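Only one structure is covered here, and it is reproduced in the block below.
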Amino acid sequence: MDFFVAILPILLVLVGMLVFNRSGSFVSVFGWLLCFAIAVYYFNTPFSVVWGATIMGIVKALGISLAVTFTMFLIFLMNETKALSKIIDYIKGITKNKEEQTLFLGMGFGSLSTALGMVTPAMFPPIFRLLGFSPVAAIAISILCYDPLTSFALFSIPITLPAKVAMSFGIKPPGIDSLSSFVWEYTFKITAFLPFVSMLFAFLMLYTVGGMHALKKNWIAATLSGLVLSLTALFLAWSKIAPVEIIGVLSGLATMVFVYFYYKNGSNSTQRQTFFQKDLLVASSPFIILILLSFIVNMHSVKLYLSNLLNPYEIIHIFADKKEDLNILSSVWFWIMVVGILSIFILKPTKEQLNKVTKLWLKRIWGPFLAYSLFFSVAYIMAWSGMDVVGSKLVPSSNFTQNNMDIIISSSFAKSFGSFYPLVAPFLGLIGAFVGGSSTASNVLFAKIQWEATISTVGANAFMWIYAAHAVGGGIASAITPSKITNAAATIGVGGKEEAQFIKATVLPVLFMCLVVGILSMIFIYL
């Protein structure tokens, strides 16, 4: 009964979207209200703790919710000034059909953009609509392209941040003696799963665009693009010849090059556009500037300087021992905002165009912002359930183990599966990212839980494989994360019906991929 009640908010969200065709922003409100009530009245969590978890979730979500907000402004501006149309014309010149565009933009540029911190669910849907894709297909690729290397998103924050948090929790697996060794071991084990996962995502992208016909016709290209993407990451993780932070960038770039030449060699190259248009530079300059700024801002010394520049004014305290440093100047959303402002002067919209963009932007941003904020809040309510406040500090209550929703869910899995626990570990990553809207949040919030569950079932030696499988499961969950789906739908002006169509088409493949990761983790651990 405790397990059912703990997982009930997630079930409510799924039923709301799958059965009643409601949008992610709509169900996020009811999911949050239900989770709030369950934490207070069923799991005996003080109101102040649950309210603090809600605030922490909203604050934690700002990094992604504001990035989405300003990305939408940038895309609407580029669309209204016809800059996107010029980029689309160029893409049509170097890619001959939707399947090639799917692999070139989805697998290649999507992975590269995600690694640079761009928000593809906000950026890509208008691009695919202009390319002639249906609304559901535009949503699908924009979200799915976030997934094949999602652990390397935003310069690998879903890897590096959880590694730091895990070690701060006192998690030190055998053979791991430093943060650097944890990060590299974690990275390598994540990439060991990716050849299978990336290929499956390539297949799923093609299927959502053209069904079995597209898949049968392009399965070789999909297989090879998935392998190029994942094996490049695997080689870089094994060889350590490049920093972890840029593995996703290099892998995405390698995939773009492969897809271009693979299709070019199989077609009449005289009909394909290989030259660089003069006006393309101006049209694509917002993307170019954002890429350059992302590289500069994420240089260690620059990031450290910017992160400390506004302290202590950007630190928000929830409880005495729970605070969040907004790191405004080193956050990707701030620089997307800067690029958006610069783009007004570069693209030179008329007063009428700018007014139209602003009105459309203010109309559509609230759904994604609400969804990200409340789903993050649900994740923190679940993580803090069973806690208490003593002397203004958040501490576990005497019945914390029995009343913490995350522990109840993970321990139920551990007790039910025992030595087969690695099989279900990715599904905890799936649950965490589905609720929290972020693989990073899932990896952070479940680190201690996975450690304890691993020790009690298969032993500490297996932890890094379990934690890596959890991370990959969280990455896979991005394909059905309501906040991302709502985000993608809002950028092209569609709602619950299209969101439901997409999630219905992907939920079973997503569960299958998590099962594959679980089977692989069993193989890696026991063989």
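Bear in mind that the values here come from a model prediction, so they are computed numbers and not experimental data.
Taking both residues in full, the closest heavy atoms of Met72 and Ala490 are given as CE-CB, 4.1 Å, listed atom of the first, atom of the second, then distance. Closest approach of Phe182 to Ala163, counting heavy atoms only: CD2-CB, 3.5 Å. When all heavy atoms are compared, the tightest approach of Ala453 to Thr457 is O-OG1, 2.7 Å. Nearest heavy atoms, Ala138 versus Ser142: O-OG, 2.6 Å. Across all their heavy atoms, Thr102 and Met205 have their closest contact at CG2-CB, 3.6 Å. Of all heavy-atom pairs spanning Ala460 and Pro173, the tightest one is O-CB, 4.4 Å.
Asn308 contributes atom CG, which lies 10.5 Å from atom CG of Leu329 (distance to the nearest 0.5 angstrom). Note that CD1 of Ile492 is 12.0 Å distant from CZ of Phe133, once rounded to the nearest 0.5 Å. Separation of atoms CD1 (Ile503) and CD1 (Ile139) is listed at 11.5 Å; rounding is to 0.5 Å. Atoms CD1 and CG, on Ile476 and Leu511 in that order, are 10.0 Å from each other to the nearest 0.5 Å. In this structure, CG in Leu194 is found 11.5 Å from CG in Leu227, a value given to the nearest 0.5 Å. Taking OG1 of Thr491 as the start and CD1 of Ile127 as the end, the distance is 10.0 Å to the nearest 0.5 Å.
Contact of the Ile288 side chain with the Leu281 side chain is registered, since non-hydrogen atoms from C-beta on lie closer than 4.5 Å. Between Ile315 and Asn311 there is a side-chain heavy-atom pair separated by less than 4.5 Å. Taking 4.5 Å as the limit, some side-chain heavy atom of Pro422 sits within range of a side-chain heavy atom of Val458. Side-chain contact between Phe376 and Met56 is absent, with no heavy-atom pair separated by less than 4.5 Å. At a threshold of 4.5 Å between non-hydrogen side-chain atoms, the residues Met464 and Phe188 do not count as touching. Counting only heavy atoms from C-beta outward, the side chains of Leu231 and Phe235 never approach each other to under 4.5 Å. The closest side-chain heavy-atom distance from Ile336 to Val339 is not below 4.5 Å. The shortest distance between side-chain heavy atoms of Thr69 and Trp333 does not fall below 4.5 Å.
Not a single donor-acceptor pair under 3.5 Å links the side chain of Ser251 to the backbone N or O of Gly248. Side chain of Glu314 to main chain of Leu326: no donor-acceptor pair is present (N/O by atom type, distance under 3.5 Å, no hydrogens or angles). Of the possible donor and acceptor atoms, none in the side chain of Ser343 sits under 3.5 Å from a partner among the backbone N and O of Ile346. For the pair Asn443 (side chain) and Pro158 (backbone), a donor-acceptor distance under 3.5 Å is present. Judged by distance alone, with hydrogens and angles left aside, the side-chain atoms of Ser134 form a donor-acceptor pair with the main-chain N or O of Ala137 at under 3.5 Å.
Other residues, nucleotides and ligands contribute more than 12 heavy atoms inside 6.0 Å of the CZ atom of Phe203. Summarising the local packing, NZ of Lys323 is surrounded by 12 or fewer heavy atoms from other residues, nucleotides or ligands at distances under 6.0 Å. Heavy-atom contacts from other residues, nucleotides or ligands closer than 6.0 Å to NZ of Lys303 number more than 12. Residue-environment remark: CZ (Phe512) stays at or below the threshold of 12 foreign heavy atoms within 6.0 Å.
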Quick one: do Phe413 and Phe427 satisfy ring pair (Phe, Tyr, Trp, His ring centres under 6.0 Å)? Show the steps, please.
-> CA-CA 10 Å; Phe413 279 134; Phe427 290 92; 7.6 Å; no
Show your reasoning for whether side chain to side chain contact (heavy atoms under 4.5 Å, CB included) applies to Asn218 and Tyr263.
-> CA-CA 10 Å; Asn218 297 272; Tyr263 281 100; 2.9 Å; yes
Audit row: Leu290, Val338, side chain to side chain contact (heavy atoms under 4.5 Å, CB included) steps and yes/no = CA-CA 9 Å; Leu290 183 56; Val338 170; over 6 Å; no
Begin with the C-alpha distance, continue with both residues' side-chain angles, and end with the deciding distance and a verdict on side chain to side chain contact (heavy atoms under 4.5 Å, CB included) for Phe124 and Ile141.
-> CA-CA 8 Å; Phe124 279 19; Ile141 304 170; 5.7 Å; no
Evaluate side chain to side chain contact (heavy atoms under 4.5 Å, CB included) for Leu430 paired with Ile480, printing each intermediate quantity in order.
-> CA-CA 9 Å; Leu430 179 81; Ile480 56 170; 4.3 Å; yes
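For Ile220, the side-chain contact (heavy atoms from CB on, under 4.5 Å) partners two or more places apart in sequence, or in a different chain, are Leu224, Tyr262. Glu324 is linked by a salt bridge (Lys or Arg N to Asp or Glu O under 4.0 Å) to Lys60, counting only residues two or more places apart in sequence or in another chain. Checked against side-chain hydrogen bond (donor to acceptor under 3.5 Å, both in side chains), Glu185 has the following partners two or more places apart in sequence or in another chain: Lys189.
A ring-centre distance under 6.0 Å is not found for Phe417 and Tyr421. Here Trp451 and Phe463 bring their ring centres to under 6.0 angstrom of each other. A ring-centre distance under 6.0 Å is not found for Phe70 and Phe334. Residues Phe104 and Phe109 keep their aromatic ring centres 6.0 Å or farther apart. In this structure, Trp465 has its ring center under 6.0 Å from that of Phe524.
There is no side-chain donor-acceptor pair under 3.5 Å between Ser111 and Thr114. Checking Ser65 against Ser373 by side-chain atom types alone, no donor-acceptor pair falls below 3.5 Å.
A perpendicular orientation is assigned to the rings of Trp361 and Phe73, their planes being inclined by more than 60° (bins at 30° and 60°).
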